[in-house]
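Here's the structure, in structure tokens; my notes come after.
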Protein chains: 2
Amino acid sequence: MSSSNTISHEIAAILRDEILQQRYRSGERFPSERDLAARFDASRGAVREALSQLEQLGLIRTQPGGARVQSVKSASLAVLGPLMALGDYPDPLLVDQFLQTFSVLTAMTAKNAVVAASPEQLIQLKKLVAELAGEAEDFEAMQPHWRALLEAMSTIADNLVVRLISNDLKAQFVDQMIELGIRPDLRAGSIDKLLSSLRVSLNNQDGELAGQAMQDHFVELREAVGEAIRFRADELSIRAAN
Amino acid sequence: MSSSNTISHEIAAILRDEILQQRYRSGERFPSERDLAARFDASRGAVREALSQLEQLGLIRTQPGGARVQSVKSASLAVLGPLMALGDYPDPLLVDQFLQTFSVLTAMTAKNAVVAASPEQLIQLKKLVAELAGEAEDFEAMQPHWRALLEAMSTIADNLVVRLISNDLKAQFVDQMIELGIRPDLRAGSIDKLLSSLRVSLNNQDGELAGQAMQDHFVELREAVGEAIRFRADELSIRAAN
DNA sequence: GCCCTATATTTGGTCGGACCAATTTGGTCT
DNA sequence: AGACCAAATTGGTCCGACCAAATATAGGGC
């Protein structure tokens, strides 16, 4: 039995989503442990474990007299994944904020990796860029290669802080988009431009160029993803009207 | 009784630090709940709650047969604060990584804030910059003003993702440095240069300039902090030798 | 000695009940 | 309306019990 199937995890996930959907006002007292145990037909021990998890996420603060709901704004980054997974499609503004933030971190990582790479690592990166180029026509098929390239850069740059951030950013974000039927339509040549710049940056070990190429790519990706979400939202509301 | 004084929180903090100090190898089985209950002279329920917290941090994975330790590299960003608080002074490399990461996020926030600010908000920011200028001679005294400026920019830029990251980055980092006796010695004129650029950026609503000013400032801050940590480390080892 | 299988033991998951400290609520008085 | 107090509620913790799943051990075969 995987630990994510325990009663306490299920309870925590349900309550987490209720908080993220703002069913409770910030500062409000949360239902009591005894009430939650009755609601979920579980023991108070399981409820307490679930509340421990929510507290670690910064979503509640437990104290005698009753837990209090905290503002989502003061929560841990780990709530971002579930926040974006709410509903049929994610909030476009939140997605854009995610992409913008991810882009500056990715640009920094690319820059540092290109500067720090050994000759062997440069060869490895070039190889990964070439593999990515081989799938550049198909957005979905190129994702594993894109992830491999980012992972290699992250390893070479070796910044633990960015690594920890990425863990919580759920860099499988794109997979989630694809599952939800959101497919960004990048302009022709956009990936080619990125790959071309990356190749030059690797040949010259030019970190600035690598970083700038990443940032430019994400500017386009942000637009494309925003359009795709709006398109998907329209699809879903038309379907709902029928 | 504040919730942070509960037995389960104390147990979780001790175990968290042991994991962060690599007392256990990644993948290794963690001590059993019954053993931990005996070790801490507590009930198994309290231990379970502590383990729930550690799992939420991504430090362990609980499953029947025994919890397994996870690599710190795959943990949640929320472990960064405790990681930097280990020992008499933090790892200089980790601090530098933190500052570098924080600087790109701060630059992005400053840029977005200056671009997005209403006329009233621009006036507010200018006022905060002026207040910061009034304390620029004293690194410690200027921290509340610095924080107020960053907070205002963060509010104006209104990027939830960066907000969540900052929550976990423990932006009280500087306070922690001061407590540990680490005092960065910024070059004369460094703050003046930053403030001057910020004023121009606000007058012209020039986001790029604001972002660049922040980045430049952090380049200097990184150097100064690194020196200060090395100085402090030397102090402590001389003291230990006596 | 190595591998496989069966069994025993250990471990996590959960339950219910008990008790105490801290907080909240409701009633009374001024 | 505000202050105060008692009662009720709530979190914090403990204990013992039981079951499912994983791990360790023993025995047999090659």
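Each chain gets a letter, A, B and so on, in the order the sequences are listed, and its residues count up from 1. Every value quoted in this text rests on a predicted model; they were computed, and no experiment measured them.
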Closer than 3.5 angstrom, by distance alone: can the side chain of B:Glu55 be matched with the main-chain N or O of B:Thr62 as a donor-acceptor pair?
yes

Is A:Gln56 reaching over with its side chain to a backbone N or O of A:Gln53, donor-acceptor style, under 3.5 angstrom?
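Side chain of A:Gln56 to backbone of A:Gln53: no pair is present.
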
Mind calculating the distance between [atom1] ([X]) and [atom2] ([N]) to the nearest angstrom?
| X | N | atom1 | atom2 | result |
| --- | --- | --- | --- | --- |
| B:Phe30 | C:dT10 | CZ | C1' | 18 Å |
| A:Glu33 | C:dA22 | CD | P | 16 Å |
| A:Phe40 | C:dG13 | CZ | P | 19 Å |
| A:Leu36 | D:dG11 | CG | C1' | 12 Å |
| A:Ile7 | D:dC19 | CD1 | C1' | 12 Å |
| A:Asn5 | C:dG12 | CG | P | 18 Å |

Please compare A:Ser8 and A:Arg68 by the position of their nearest nucleotide in DNA chain C and report the one closer to 5'.
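Its nearest nucleotide being more 5', the pick is A:Ser8.
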
Strictly below 4.0 Å: does B:Ser43 bring a side-chain N or O up to OP1 or OP2 of D:dT13?
no

Please check the phosphate of C:dG13 (OP1 and OP2 only) for any side-chain N or O of B:Arg48 closer than 4.0 Å.
yes

How is B:Gly66 classified with respect to the nucleic acid when contacts are heavy atoms under 4.0 Å: base, sugar-phosphate, or nothing?
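Contact class for B:Gly66: sugar-phosphate only.
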
A:Pro64, nearest nucleotide to its side chain (from D:dA21, C:dT14, D:dG11)
D:dG11

Quick one: which of D:dT13, C:dG13, C:dC15 gets closest to the side chain of A:Ala46?
C:dC15

Take B:Arg29 and B:Ala42, find for each the nucleotide of DNA chain D with the closest heavy atom, and name the residue whose nucleotide sits nearer the 5' end.
B:Ala42

Pair A:Arg163 + A:Glu151: basic N to acidic O under 4.0 Å
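So A:Arg163 pairs with A:Glu151 through a salt bridge.
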
Using the ring of each side chain (for Trp, its six-membered ring), is A:Phe102 parallel, tilted or perpendicular to A:Phe218, with breaks at 30° and 60°?
perpendicular

Checking only heavy atoms, does the side chain of A:Arg44 share a donor-acceptor pair with the base of D:dG12 at less than 3.5 Å?
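Such a pair exists between side chain and base.
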
